[in-house]
Amino acid sequence: MRYPKKPMLSKSRFLAGEQCHLRLWYSCFNRDLATPVSPAQQAIFDTGHEVGELATRLYSEGVLIREDHLHHEEAVQTTLKAIQDPNVRSIYEAAFLYDDVRIRVDILERLDNGQWNLIEVKSSTSVKDVHLPDVAIQYYVLQGSGLDINRAFLLLINNQYVYDGNNIDLENLFSSFDVTEQSLSLQNEISLRIAEHKEMLRAPNAPIIQPSRHCNNPYSCDFWDYCTKDMPEHWVLNLYGISQNKLDELTGMNIQNIGEIPDSYHLTELQGRMKRCVINDNEFISRRLDAQLMNVEYPIHFLDFETVNPAIPCYANTRPYQIIPFQWSDHILYKDGTLEHKEYLCDDDKDPREDFARTLLDALKKKGTIFIYTIYEKGIVIRLAEHFPQFRNDLLLIPNRFKDLCAIIRNNFYHPGFHGSFSLKSVLPTLVPDMDYEKLAIQEGNQASFEFLRMIDPSTPLEEKDRIKKELLIYCSYDTLAMVEIRDELIRRF
Ligand code: SF4
């Protein structure tokens, strides 16, 4: 099908095209095929905006170009006026158009000699490969627009900065990286790639590209659900830990279904087990599973933490992206079969870590196996021990009692319904169909972090805070109840 209107490229479309031509095609012509942005994704975007807004405060006497992307031509005109006004020292969200590519520059800084610095703000803590074409295409458009550029910088978050609890020190929160040379060296490449993208968009039909690993690298593609809707239930990409080489080989052999992989094709032990379960439509139970689940000391704890790692630190003596635990849930199973539930959730705008550690020690006491799901909790406990000398010895005893239920399942059990994933969200509905995260208002950890930050925000209305608190408590307790039920179900199966 030929589309009548020539699409305009933008920086984000260019980067989409660098990841996958089909992604660029859909971004231009079939935007409605994208999966709607989830609250957790929106929280990531919001963080980016917050970081970008803070960064502008480092560049004074600036003006913000307010016209949105639907009014790009007007935004370009407003930018030109700002450039012509010598009193404007910095321009935020400066708009340009060259070679049919629209860009918005986070910050343009005017120098006394009439040149400009290009500053791209990222909420990352290190320069990544994908940042270089991101800056280089802006450099290309600015140069093409006739702007005299001095240097190009990436302004990133400095994760060594320690917040004093009073004022965010912007000079220390951000680190600047000069990427002028890299941007210059990419200019020819950028020009060629733009031409390539335009040519692809002139074709009568969308390019044929199979979804694969590239769909999540460097960014998760928002057309994933659409592109994979017709893939077989037991798709080779679901094979646990499958390498890109093997995926390419299997694609070359025209094999998409795990069940079609020939016996002669080498797979790891776990991948082979998955394949056999798919072909025979049965589950795998190792003889060792019994001992792994039953060799326990009572009372048995089923423990889960929720954490937050804000880009801009909230609490004194914490760094950007430092992991802060704010909630735990513990289901306690006694030898007589009684199940007790204990929990902690910080619902105040204060550093939750001390209360978290104290209440956790009180709940776990000194006895009993502690089931966790992945070893994430271990790192948190160790960091708490480093931070609170008064709890150190007791906290350091806790990881000795941990048993990782996820690793136990991965090593000893498989069901085709897992579809290659051992996450709690994949394992639970297969083993305990009555329990499903779909029923919950909060369904995953990132969403819990985002909701926690909303709950403790003083500007959130009280009613909303209460609602979030209830949902957080339900979500975390569901995780630990899920572990209780999964262990029970596995015990029933041997
Ligand atoms: S899901 Fe993958 S194949 Fe489909 S458009 Fe996105 S990146 Fe391309």
Side-chain angles (χ1 to χ4, degrees), residues 1-3 5-42 44-45 48 69 100-102 122 124 128-134 136-137 186 189-190 192-258 260-261 419-421 423 425-426 443-444 446:
M1 182 198 305
R2 187 175 285 283
Y3 289 83
K5 199 169 166 217
K6 183 175 91 170
M8 194 67 78
L9 283 176
S10 63
K11 184 186 85 168
S12 59
R13 283 183 176 177
F14 174 82
L15 294 174
E18 290 297 286
Q19 181 170 357
C20 170
H21 272 183
L22 185 57
R23 184 174 186 187
L24 170 58
W25 177 278
Y26 285 156
S27 301
C28 293
F29 300 123
N30 294 99
R31 191 67 226 152
D32 52 333
L33 299 180
T35 304
V37 174
S38 69
Q41 285 170 315
Q42 189 57 51
I44 294 169
F45 298 148
H69 70 284
D100 295 330
V101 181
R102 294 170 166 178
K122 295 283 180 206
S124 310
K128 300 196 168 79
D129 287 348
V130 67
H131 295 156
L132 301 176
D134 184 320
I137 190 165
L186 281 171
E189 179 75 11
I190 293 283
L192 291 172
R193 305 293 284 181
I194 290 171
E196 194 183 296
H197 291 341
K198 286 181 185 169
E199 191 180 334
M200 186 277 295
L201 290 170
R202 278 194 292 270
N205 296 306
I208 296 169
I209 295 172
Q210 292 295 316
S212 187
R213 283 274 160 70
H214 74 276
C215 306
N216 280 303
N217 185 17
Y219 301 113
S220 295
C221 177
D222 37 5
F223 299 105
W224 173 260
D225 289 346
Y226 178 77
C227 282
T228 57
K229 67 183 176 12
D230 297 325
M231 285 298 162
E233 183 187 353
H234 300 293
W235 185 18
V236 289
L237 196 82
N238 293 344
L239 276 174
Y240 190 84
I242 184 118
S243 67
Q244 186 60 52
N245 278 350
K246 295 229 156 183
L247 280 175
D248 292 343
E249 279 176 8
L250 291 168
T251 305
M253 293 156 73
N254 207 18
I255 293 174
Q256 287 196 330
N257 199 321
I258 291 172
E260 293 165 2
I261 299 173
H419 298 111
S421 167
S423 78
K425 276 82 185 169
S426 301
Q443 298 179 0
E444 43 125 358
N446 285 343

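Sequential numbering from 1 along the given sequence is applied to the chain's residues. One-based numbering, in listed order, for ligands and for the atoms of each.
Taking the charged nitrogens against the carboxylate oxygens, R193 and E196 do have a contact shorter than 4.0 Å, which makes a salt bridge.
A donor and an acceptor atom, one from each side chain of E18 and H197, are located under 3.5 Å apart.
Within the 4.5 Å cutoff, the side chain of L9 has no heavy atoms near those of the D100 side chain. L24 is listed as a side-chain neighbour of C28, based on a closest heavy-atom distance under 4.5 Å.
Distance CZ/R213 to CD1/I242: 7.5 Å, rounded to 0.5 Å. Expressed to the nearest 0.5 Å, how far CZ of F223 lies from CZ of R31 amounts to 4.5 Å.
For atom 2 (Fe) of ligand 1, protein N, O or S atoms closer than 2.8 Å were enumerated as C215 SG, with waters left out.
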